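The chain is numbered in sequence order, starting from 1. All values derive from a computational prediction rather than experimental measurement.
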Amino acid sequence: MPTTAEIYGYGILANAICCVCSICGAAILPCAKRFSNAYHVFLSVFMGLAVGTLFTGAVVHLIPEALGVHGHSDHEHENEDNSTEYDHDDHKAGIHVENYIWYTMVVLLGTYAFYLLEMILTFLKKRKGLISEVAISTEPGAANLGQLDSDSKSSKDFYNVNSKGHINLGSEEKKDIAPLAYMIIIGDAIHNTTDGLVLGAAFSSDIAAGIGLTIAIFCHELPQELGDFAVLITSGLSFCQAIWANLFSSLTAFIGFFVGVQVASYATAVNWIYAVTAGNFLYIALVDMLPELMKRGSNSWKTFCYHNIGILTGALLLVIVAVFEEHIEV
């Protein structure tokens, strides 16, 4: 079990790293139009990373924890008893891969295989002219950017150039803040509180598990915060107001973290937290993000490859954390 200092030290650091995503929009979006190709590659890879880390985090880390099959104490008893020759051989090698990891990896590979199959069939149908180009919505993190060239009013709402030639975000005209902005801020605050809650529970039980979930949360928070920042700007907030609003909503993660640490002393409560968060991760990965990736990937082989680089990298990172978490010393 981690010490109190380790729980709060690494937990607060992890939350701070995730909170940095809230101000990344201020740094990245102004460069979006000037370096559009690099921005497209960056966002495509990160969208894939988000899907890979969220899905893998839910399947490999959270669901086994919620079901009680990822118990470190049970693992230690298995090592002492040497119940099977397989476990004994793994121990000699210094690496113990628990059986549940193999099963969850089959779930990952099965899902990925069907994703690839559907994408390949879509490309083949397009090549034969059986289906037309897929109309795509604006990619998260690029809200309204695609319309800037064709709609001068939208362009002025999002970007303007001052007398010195510097680019400013947001319209110089004062306009009312749309209700959408408040909905995004409140929804993001609730979402970040949930992220902090699961990080508090994770770091209280195992530092390696907390690191794995931090990677998953960071990878999906970055593109999400980019999208939120762009929408806040176009909803009537000024550049500074959008930064403060995003920062405020991200800081609620610390509230969730401190609550999670306190609740972590109740094993049943922690299992429920893991279960709810697993459902949240699966929904975001498979319902919110994957369909958008498939729409965009079906229109370009390059984009499809960028997405897959992100998906495979994200999944591999969290599988490695799961396999070697017993050997991670912090």
Side-chain angles (χ1 to χ4, degrees), residues 18 21-22 24-25 28-29 40 42-63 107-108 111-112 114-116 118-119 122 134-146 180-199 213-232 234-235 246 249-250 252-253 256 274-299 303-304 306-315 318:
C18 293
C21 297
S22 64
C24 283
I28 295 175
L29 284 183
H40 170 71
F42 169 82
L43 201 57
S44 296
V45 172
F46 248 94
M47 290 292 287
L49 265 174
V51 172
T53 53
L54 285 173
F55 185 62
T56 306
V59 173
V60 178
H61 291 270
L62 293 174
I63 293 177
V107 173
L108 298 177
T111 306
Y112 184 67
F114 281 108
Y115 158 73
L116 287 181
E118 183 171 352
M119 292 301 297
T122 301
V134 179
I136 54 177
S137 59
T138 306
E139 190 165 352
N144 292 308
L145 289 177
L180 176 62
Y182 297 107
M183 291 175 61
I184 288 177
I185 293 169
I186 295 172
D188 200 28
I190 296 172
H191 176 80
N192 288 326
T193 302
T194 305
D195 288 343
L197 192 66
V198 72
L199 284 179
L213 293 178
T214 302
I215 295 172
I217 291 171
F218 178 84
C219 288
H220 92 265
E221 277 294 317
L222 183 57
Q224 177 187 317
E225 294 294 349
L226 286 173
D228 288 347
F229 186 83
V231 174
L232 289 175
T234 55
S235 296
N246 252 11
S249 63
S250 67
T252 58
Y274 284 140
V276 171
T277 307
N280 182 35
F281 277 21
L282 289 174
Y283 182 86
I284 294 172
L286 301 182
V287 179
D288 277 352
M289 305 186 80
L290 187 60
E292 187 69 20
L293 257 66
M294 296 179 73
K295 286 181 185 178
R296 293 187 167 275
S298 64
N299 287 328
T303 303
F304 172 70
Y306 296 146
H307 288 161
N308 279 271
I309 289 172
I311 291 172
L312 293 174
T313 302
L318 291 200

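- Contact detail for C21 and E221: the closest heavy-atom pair is SG-CB, 4.0 Å.
- Within the 4.5 Å cutoff, side-chain heavy atoms of L54 are placed close to those of M289.
- Listed by chain and number, the residues in a side-chain hydrogen bond (donor to acceptor under 3.5 Å, both in side chains) with Y274 are S205 (sequence neighbours excluded).
- H220 contributes no side-chain N or O that, together with a main-chain N or O of T53, makes up a donor-acceptor pair within less than 3.5 Å.
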Report the C-alpha separation of T313 and V45 in whole Å, then their side-chain angles, then the decisive distance to 0.1 Å, and conclude whether the side chain to side chain contact (heavy atoms under 4.5 Å, CB included) test is met. CA-CA 9 Å; T313 302; V45 172; over 6 Å; no
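- For F304, the ring-ring contact (aromatic ring centres under 6.0 Å, His included) partners are F123, W301, not counting sequence neighbours.
- Atom CD in E225 sits 11.0 Å away from atom CZ in F218 (nearest 0.5 Å).
- For A181, the side chain to side chain contact (heavy atoms under 4.5 Å, CB included) partners at least two apart in sequence or on another chain are I177, L232, S235, L237.
- Side chains of V60 and L318 form no contact here, defined as non-hydrogen atoms less than 4.5 Å apart.
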Mind running side chain to side chain contact (heavy atoms under 4.5 Å, CB included) on R296 and M47 for me, showing each step along the way? CA-CA 11 Å; R296 293 187 167 275; M47 290 292 287; over 6 Å; no
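- Atom-to-atom distance recorded for I215:CD1 and C18:SG is 10.0 Å, nearest 0.5 angstrom.
- Partners of Y112 under the ring-ring contact (aromatic ring centres under 6.0 Å, His included) rule, at least two apart in sequence or in another chain, are Y115.
- In this structure D195 satisfies the side-chain hydrogen bond (donor to acceptor under 3.5 Å, both in side chains) test together with H191, sequence neighbours excluded.
- Evaluation of the side chain to side chain contact (heavy atoms under 4.5 Å, CB included) rule for T252 yields A189, N192, T193 as partners, not counting sequence neighbours.
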Which atom pairs, one a donor and one an acceptor, fall under 3.5 Å between side chains of residues 275-282 and the rest of the protein, sequence neighbours left out?
{"residue": "T277", "atom": "OG1", "partner": "I273", "partner atom": "O", "Å": "2.7"}

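- Partners of S250 by side-chain hydrogen bond (donor to acceptor under 3.5 Å, both in side chains), not counting sequence neighbours, listed by chain and number: S22.
- With sequence neighbours excluded, no residue forms a side-chain hydrogen bond (donor to acceptor under 3.5 Å, both in side chains) with T194.
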